[in-house]
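Read through the structure below, which is laid out as structure tokens, and then see the notes.
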Amino acid sequence: MDIQLTEEQRQVRDLCREFAQKELAPNARRWDADHVFPREAVRQLAEMGLMGVAIPPEWGGAGMDNVAYAIAMEEISAGCAGTGVIMSVNNSLYCDPLLKYGTDAQKKEFLVPFAKGERLGCFALTEPMSGSDAAEMRTVAARRGDEYVLDGSKNFITNGPQADVLLVFAMTDKAKKHKGISAFLVPSDAKGFTRGKPDEKVGIRASGSCSVFFEGCAIPARFRLGEEGDGFKIAMATLDGGRIGVAGQALGIARAAFDEARAYAKERKAFGQVISSFQAIQFMLADMATEIDAARLLVWRAATLKDRGVRHSAESAMAKLYASEMSERVTSKAIQIHGGYGYVKEYDVERHWRDSRITEIYEGTSEIQRIVISAAVLKD
Ligand code: CAA
């Protein structure tokens, strides 16, 4: 793996950093407080090619690699983690499986406008009674002639309130368990589709999530992605990529908190000296910086493997596990360095801490990542 960035990757980093610092960071506190979806920022991300970073230009994307995508996720999330997840769901959980499993006709209709950022996609796997045990889903899709009819519900669907199309996983043959799951593209204007009100979340409040409902929701059979029964593998392989995006997001949140804690430590005085002169603070900053760099290397390794077309389930799980737990530790230390000021909304570190928490939960909890990693290490 090359840890020297290419010219293109450096350009993406600089472009995203400038955009995040100019357009996202100054607004992030307000979007968080008011639970505002940053529509204009998402439009600007689309203009920069960031809604389909690793999708080839012929399918509407920017045609960059997954390392560039991970770098973009870090930078955008350092500015606003809610905006980061809007971008990651569209890139990793919607466009990527369309590119991999879609027919040309599906790509034309369901990938191009989404990779261009003209429309927004989402991924509907989780249900009220099935999360980590994704194969236990109850949503069904019954074939009726040239249609599938979906019945059931999904919840915690990131981008759900705004999505134009949902990639939905449903049982087409319950008896076959996970081999009876299939994937479908459901336009949000399909009859029988409704959404609940947006969830009131602890963090990443610029992004919306909600429950979605399918009641006799009929879609053309040509909207099935992949073959009948391929759905579970599509979901799992998609999450291998998605976890790189979440790890990049966790990294960006941690870095923002670190930068703020370092700046504060260099200004704030206690006992007649700046607090950065105390070893207690220096050691915290040293640990934070080391953990951030370690996480970045794991993220870039997983992204490099994805670019090489190599199975990267364990490496993505390691990147997400380490980066998300690191992010929670680093943001918590950033609060500690700020003392009482870290616990009030005048400073951003409390938001970073709240934002970091979800990265240990969505796209597979830390416990699920440990299952994936331990399965790989015990195989040898
Ligand atoms: N790639 C390809 N195939 C895979 C795979 C992968 N990464 N992982 C598993 N498979 C295949 C297996 O090879 C196996 O195939 P066969 O049946 O042919 O042998 C099949 O899938 C079943 O595998 P397992 O027996 O390992 O499946 P399991 O039921 O034990 O589940 C699990 C494994 C890791 C626990 C899985 O259920 C899992 O990842 N759960 C977490 C789900 C999750 O991450 N949900 C997040 C929701 S999305 C979200 O959060 C989006 C958002 O809003 C931001």
Side-chain angles (χ1 to χ4, degrees), residues 73 77 81-94 96-97 100-101 120-137 139 154-163 166-169 171 173 176-183 195 198-199 201 203-204 206-212 226-227 229-250 302 305-306 309-321 324 355 357-376 378-379:
M73 275 304 299
S77 303
T83 306
V85 74
I86 296 166
M87 173 180 148
S88 78
V89 167
N90 194 70
N91 273 272
S92 309
L93 298 189
Y94 181 85
D96 190 57
K100 254 186 168 150
Y101 307 103
L120 192 67
C122 73
F123 180 87
L125 177 70
T126 301
E127 299 189 355
M129 294 310 290
S130 118
S132 294
D133 53 348
E136 299 299 317
M137 67 180 61
T139 298
K154 301 278 174 183
N155 69 344
F156 304 136
I157 305 306
T158 304
N159 287 354
Q162 296 83 19
L166 299 87
L167 175 56
V168 179
F169 297 88
M171 279 284 181
D173 188 345
K176 291 189 180 155
K177 303 198 167 169
H178 72 267
K179 289 193 161 99
I181 295 172
S182 306
R195 343 181 193 226
D199 300 322
K201 291 180 297 190
I204 54 156
S207 95
S209 72
C210 67
S211 297
V212 296
E227 296 302 318
D230 282 354
F232 192 72
K233 286 192 184 175
I234 292 177
M236 291 299 114
T238 299
L239 285 165
D240 286 345
R243 288 166 185 165
I244 299 173
V246 174
Q249 180 196 28
L305 292 176
K306 184 167 192 309
V310 177
R311 174 113 181 225
H312 51 92
S313 308
E315 290 81 0
S316 290
M318 285 181 188
K320 182 187 181 281
L321 172 65
S324 60
D355 287 346
R357 195 62 185 81
I358 188 63
T359 65
E360 296 173 289
I361 299 171
Y362 60 20
E363 300 199 34
T365 59
S366 288
E367 292 69 32
I368 290 297
Q369 308 313 320
R370 289 186 169 94
I371 288 176
V372 173
I373 297 162
S374 56
L378 287 169
K379 211 168 65 186

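Positions are given from 1 along the sequence. Read the numbers this way: they start at 1 and go in the same order the structure lists the ligands and their atoms. The shown structure was predicted, so the numbers you read here are calculated from the model rather than taken from an experiment.
- For ligand 1, none of its N or O atoms has an N or O atom of D133 under 3.5 Å away.
- In this structure, of K154, R311, K179, the residue bringing a heavy atom nearest to atom 19 (O) of ligand 1 is K179.
- Rounded to the nearest 0.5 angstrom, K179 NZ and K177 NZ are separated by 11.5 Å.
- Among protein heavy atoms, the minimum distance from atom 37 (O) of ligand 1 is reached at S132 O, 3.3 Å.
- For atom 34 (C) of ligand 1, the closest non-hydrogen atom of the protein is V372 CG2, 3.9 Å.
- Counting heavy atoms closer than 4.0 Å to ligand 1, residue E367 contributes nothing at all.
- Only side-chain heavy atoms of S313 come within less than 4.0 Å of ligand 1; its backbone N, CA, C and O stay farther off.
- Of the protein's heavy atoms, F232 CZ, 4.6 Å lies nearest to atom 33 (C) of ligand 1.
- Proximity of L93 to ligand 1 is established by a heavy-atom distance of less than 4.0 Å.
- From Y94, atom OH reaches atom CG of L120 across 9.5 Å, with rounding to the nearest 0.5 Å.
- Using modelled atom types and a 3.5 Å distance limit, the side chains of D240 and S316 yield no donor-acceptor pair.
- Scanning the protein heavy atoms around atom 8 (N) of ligand 1, the nearest turns out to be M236 CB, 3.5 Å.
- Of the protein's non-hydrogen atoms, K233 NZ, 2.8 Å is the one closest to atom 18 (O) of ligand 1.
- Partners of E360 by side-chain hydrogen bond (donor to acceptor under 3.5 Å, both in side chains), not counting sequence neighbours, listed by chain and number: R357.
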Between L93 and L239, is a side-chain contact (heavy atoms from CB on, under 4.5 Å) present by the stated rule, with each step listed? CA-CA 7 Å; L93 298 189; L239 285 165; 4.1 Å; yes

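- Distance check for atom 47 (C) of ligand 1: a protein heavy atom is found below 4.0 Å.
- Counting only heavy atoms, the protein never gets under 4.0 Å from atom 25 (O) of ligand 1.
- Ligand 1 has no nitrogen or oxygen under 3.5 angstrom from a nitrogen or oxygen of Y362.
- For the 3.5 Å distance criterion, the side chains of Q249 and Y362 qualify, holding a donor opposite an acceptor.
- Here the heavy atom of the protein found nearest to atom 7 (N) of ligand 1 is D240 OD2, 2.8 Å.
- Between E363 and R243 there is no salt bridge, since none of the side-chain N atoms of the basic residue sits less than 4.0 Å from a carboxylate O of the acidic one.
- Looking only at atom types and distance, the side chain of S132 has no donor-acceptor partner in the side chain of E367 under 3.5 Å away.
- Close placement of the F169 and F123 rings is indicated, their centers lying within 6.0 Å of each other.
- Counting heavy atoms closer than 4.0 Å to ligand 1, residue F156 contributes backbone atoms (N, CA, C, O) but none from C-beta onward.
- The shortest non-hydrogen separation linking G121 to N90 is N-OD1, 2.9 Å.
- For ligand 1, the atoms closer than 4.0 angstrom to any heavy atom of R243 are 39 (O), 43 (C), 44 (O).
- For atom 50 (O) of ligand 1, the nearest non-hydrogen atom of the protein is E363 N, 2.8 Å.
- Listed by atom number, the atoms of ligand 1 under 4.0 Å from F123 heavy atoms are 48 (S).
- Less than 4.0 angstrom separates atom 30 (O) of ligand 1 from none of the non-hydrogen atoms of the protein.
- Summarising the geometry of L167 relative to A183, their closest heavy-atom pair is CD1-CB, 4.1 Å, with the distance given to 0.1 Å.
- Given atom 17 (O) of ligand 1, the protein heavy atom at minimum distance is H178 NE2, 2.6 Å.
- Ion pair K176/D173 flagged as a salt bridge, since at least one NZ, NE, NH1 or NH2 atom sits closer than 4.0 Å to an Asp/Glu carboxylate oxygen.
- Ligand 1 has an N or O atom lying under 3.5 Å from an N or O atom of G364, backbone or side chain.
- Residue T126 has at least one heavy-atom neighbour below 4.0 Å for each of these atoms of ligand 1: 47 (C).
- At a 3.5 angstrom cut-off on N or O pairs, T158 counts as close to ligand 1.
- Taking every heavy atom of both residues into account, S92 and P97 meet most closely at O-CD, 3.4 Å.
- Salt-bridge formation is not detected for the pair K201/D355: no Lys NZ or Arg NE/NH1/NH2 atom is positioned less than 4.0 Å from an Asp or Glu carboxylate oxygen.
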